[in-house]
Each structure stands twice: as C-alpha cells, then as structure tokens.
Amino acid sequence: MVLSDRTIREQLHKGRIVISPLGEDCIQPASVDLHLDRHILVFRNNHVPYVDIRANPERLTDLVTMADDVPFILHPGEFVLGSTLEHVEVPDDLVARLEGKSSLGRVGLLIHSTAGYVDPGWRGNLTLELSNVSNLPITLYHRMKIGQISFLQLTTPADNTYGAKELGSKYQGQRLPTASRVYEEYGGARP
C-alpha cells in the first residue's frame with residue numbers, strides 16, 4: 001500500500017517520517033518532492049584507468065560544489081553522484097522509493113541506476129546516481145527539484161532496520177554524496 005498525501009502529512013506530523021527541510025508545496029498526491037544539494041562527486045576518468053570494486057574509491061572522485069545560480073553541466077553519457085538537499089528518516093514499518101521527476105526524465109536525466117530503494121530505519125541524505133542519457137548536455141542547479149520519494153507500508157515492522165549492526169549497513173547517516181563502499185565486502189577498511 002502506497003501512502004497518500006494525507007497519510008504522509010500525518011506521519012510527518014507525528015515525526016515517524018522525517019524530511020528536512022520540507023516545503024508544504026513539496027507534498028504531492030502520493031509522494032514528496034526532493035531537491036538537489038550543491039555537492040557533486042565527479043569521477044576522475046582522466047587520472048584513474050578503471051574502477052576496481054575491491055579498492056577504496058577515495059582516488060576515484062573529486063567533490064565539486066555548485067554556487068547558487070551557476071549550473072553544473074552534465075554531459076551526454078556522463079555519470080556523477082549527487083545528494084538530496086533533504087535529510088530523510090524512514091520508520092521501521094515503511095520502505096520508500098526514490099524516483100525521478102517526469103519532466104527531467106523527458107530530457108534524459110536519470111537520478112538512480114539501481115539505488116531507488118530506501119530501507120526501513122534509513123537516516124540521512126540520499127545519494128543520487130545522476131546520468132545523462134540524452135545527446136545534449138543538461139544543466140543541474142542547486143535546490144532544483146530532482147526527484148520524489150514515496151512510502152509503502154510493510155506487513156510488520158522490520159526486525160532488523162537499516163543501520164542495525166547485524167546488517168553491516170554502509171551508508172547510514174551520510175550527508176554528502178557518498179562513493180561506493182563495496183570494497184568493504186572484500187576486507188577493505190573505510191577511509
């Protein structure tokens with residue numbers, strides 16, 4: 001069951017769902033609009049010859065910060081990591097789905113390749129996997145509406161929520177766009 005605007009407002013008022021900051025005009029019929037933060041992780045394809053999933057990716061990206069009215073230009077075929085302006089928290093009996101905005105999809109902007117699922121217990125800003133699949137560059141602006149999040153009810157509260165020690169959750173509490181930590185599954189340590 002997908003939560004309606006009324007239920008989303010009730011859950012926000014009770015503090016069970018947290019989206020901060022939140023403008024009232026961001027609540028849609030069955031989702032909440034999210035905005036792009038100013039930090040973008042850009043891949044150093046001119047310095048690093050390939051992605052080794054067993055290696056710490058600290059040499060793989062550079063953090064770029066957008067000014068308020070200066071766009072970041074996402075070129076055709078380019079892939080970068082961004083994050084939501086909003087801090088999001090999901091309770092133990094809901095999951096969330098992150099999806100792109102239809103108007104941006106119609107110009108070729110994708111906001112996630114596989115990571116559109118938000119587990120129960122999640123707390124933090126969501127990392128966006130931004131891709132331009134069009135044949136023209138696309139401008140990205142700080143604070144632009146970038147996607148929407150919807151919420152679905154679980155049959156029961158989750159026994160182990162995201163962030164539980166048993167799960168080995170890698171991204172709980174992130175604030176900035178966060179590069180892959182898949183290398184930890186191969187014995188690598190966090191930077």
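Treat the numbers as computed from the prediction; the structure is a model and nothing was measured.
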Do Leu94 and Leu154 have side chains that approach each other closer than 4.5 Å (heavy atoms only, starting at C-beta)?
no
Report whether Val107 and Leu34 are members of the same hydrophobic cluster (ILVMFWY, side-chain heavy atoms less than 4.5 Å apart, transitive linking).
yes
Not counting sequence neighbours, which residues clear side-chain hydrogen bond (donor to acceptor under 3.5 Å, both in side chains) with Asp119? List them please.
none
Check whether any side-chain N or O of Asn125 sits under 3.5 Å from a backbone N or O of Thr84 as a donor-acceptor pair, and report yes or no.
yes
Start with the C-alpha distance between Glu86 and Leu22, add both sets of side-chain angles, then the distance that settles side chain to side chain contact (heavy atoms under 4.5 Å, CB included), and finish with yes or no.
CA-CA 7 Å; Glu86 294 84 2; Leu22 174 67; over 6 Å; no
For Ser31 and Ser150, indicate whether the former's side chain and the latter's backbone hold a donor-acceptor pair under 3.5 Å.
no
Output for pair (Glu78 CD, Ser131 OG), nearest 0.5 Å, gives 9.5 Å
Single-linkage hydrophobic cluster, 4.5 Å side-chain cutoff, Leu167 and Val95 together:
no
About how many Å separate CD of Gln148 and CD1 of Ile27, when rounded to the nearest 0.5 Å?
13.0 Å
Any side-chain heavy-atom pair of Ile17 and Pro91 under 4.5 Å:
yes
With sequence neighbours left out, the residues meeting side-chain hydrogen bond (donor to acceptor under 3.5 Å, both in side chains) with Glu89 are His87
Could you tell me whether the side chain of Glu129 and the main chain of Gly82 form a donor-acceptor pair under 3.5 Å?
no
Not counting sequence neighbours, list each pair that qualifies as a ring pair (Phe, Tyr, Trp, His ring centres under 6.0 Å) and has a residue in residues 103-133.
Trp122-Tyr162
Run the side-chain hydrogen bond (donor to acceptor under 3.5 Å, both in side chains) test against Asp62 and tell me which residues pass, sequence neighbours left out.
Arg44
Applying side chain to side chain donor-acceptor pair (under 3.5 Å) as the test, list every pair that has at least one member in residues 101-111; sequence neighbours left out.
Asp33-Lys101, Ser102-Arg106
Side-chain heavy-atom pair Asp37, His142 within 4.5 angstrom cut-off:
yes
Side chains of Ile146 and Leu104, heavy atoms from C-beta outward: is any pair under 4.5 Å?
yes
Please lay out, stage by stage, how Leu98 and Ile111 fare under the test side chain to side chain contact (heavy atoms under 4.5 Å, CB included).
CA-CA 9 Å; Leu98 177 65; Ile111 70 162; 3.9 Å; yes
Listed partners of Phe43 passing ring pair (Phe, Tyr, Trp, His ring centres under 6.0 Å), at least two apart:
Phe79
Could you state the interatomic distance from CG (Leu128) to CG (Leu126), rounded to the nearest 0.5 Å?
7.0 Å
Taking only residues two or more places apart in sequence, or in another chain, which ones meet Leu63 in a side-chain contact (heavy atoms from CB on, under 4.5 Å)?
His39, Leu41, Leu176, Pro177
If hydrophobic clusters are built by linking Ile, Leu, Val, Met, Phe, Trp and Tyr wherever their side-chain heavy atoms come under 4.5 Å apart, do Ile138 and Met144 end up in the same one?
yes
Are Leu74 and Tyr141 linked, directly or through intermediate hydrophobic residues, by side-chain heavy-atom contacts shorter than 4.5 Å (ILVMFWY only)?
yes
Distance-only, no hydrogens or angles: does the Tyr171 side chain make a donor-acceptor pair with backbone N or O of Arg181 under 3.5 Å?
yes
A side-chain contact here means heavy atoms from C-beta on lying under 4.5 Å apart; do His35 and Cys26 qualify?
yes
All pairs passing side chain to side chain donor-acceptor pair (under 3.5 Å) where residues 2-13 contributes a residue, at least two apart
Ser4-Thr7, Arg9-Glu24, Gln11-Arg16
To the closest 0.5 Å, what do you measure between CD (Glu166) and OG1 (Thr161)?
9.0 Å
Between Phe72 and Val80, is any pair of side-chain heavy atoms under 4.5 Å apart?
yes
Got a sec, which hydrophobics cluster with Val133, joining ILVMFWY side chains under 4.5 Å apart, including via others?
Leu110
Nearest 0.5 Å, please: how far is CG in Leu3 from CD1 in Ile8?
6.0 Å
Do Ile19 and Leu12 touch side chain to side chain, with heavy atoms closer than 4.5 Å?
yes
How about CG on Asp69, more than 12 heavy atoms from neighbouring residues, nucleotides or ligands closer than 6.0 Å, or not?
no
Run Leu109 and Leu140 through side chain to side chain contact (heavy atoms under 4.5 Å, CB included) and show every step you take.
CA-CA 10 Å; Leu109 180 64; Leu140 302 176; 3.8 Å; yes
Sequence neighbours left out, what passes salt bridge (charged side-chain N to carboxylate O under 4.0 Å, His left out) with Arg143? Give chain and number order.
none
Any residue meeting side-chain hydrogen bond (donor to acceptor under 3.5 Å, both in side chains) with Thr178, in chain and number order, not counting sequence neighbours
Gln174
Could you go step by step and tell me if Arg123 and Val88 meet the side chain to side chain contact (heavy atoms under 4.5 Å, CB included) rule?
CA-CA 6 Å; Arg123 293 185 321 275; Val88 175; over 6 Å; no
Just how far is it from atom OG1 of Thr139 to atom CG of Asn132, taken to the nearest 0.5 Å?
10.5 Å
With side chains defined as the heavy atoms from C-beta onward, is the minimum distance between Leu36 and Met66 less than 4.5 Å?
yes
With Asp25 via salt bridge (charged side-chain N to carboxylate O under 4.0 Å, His left out) - residues at least two apart
none
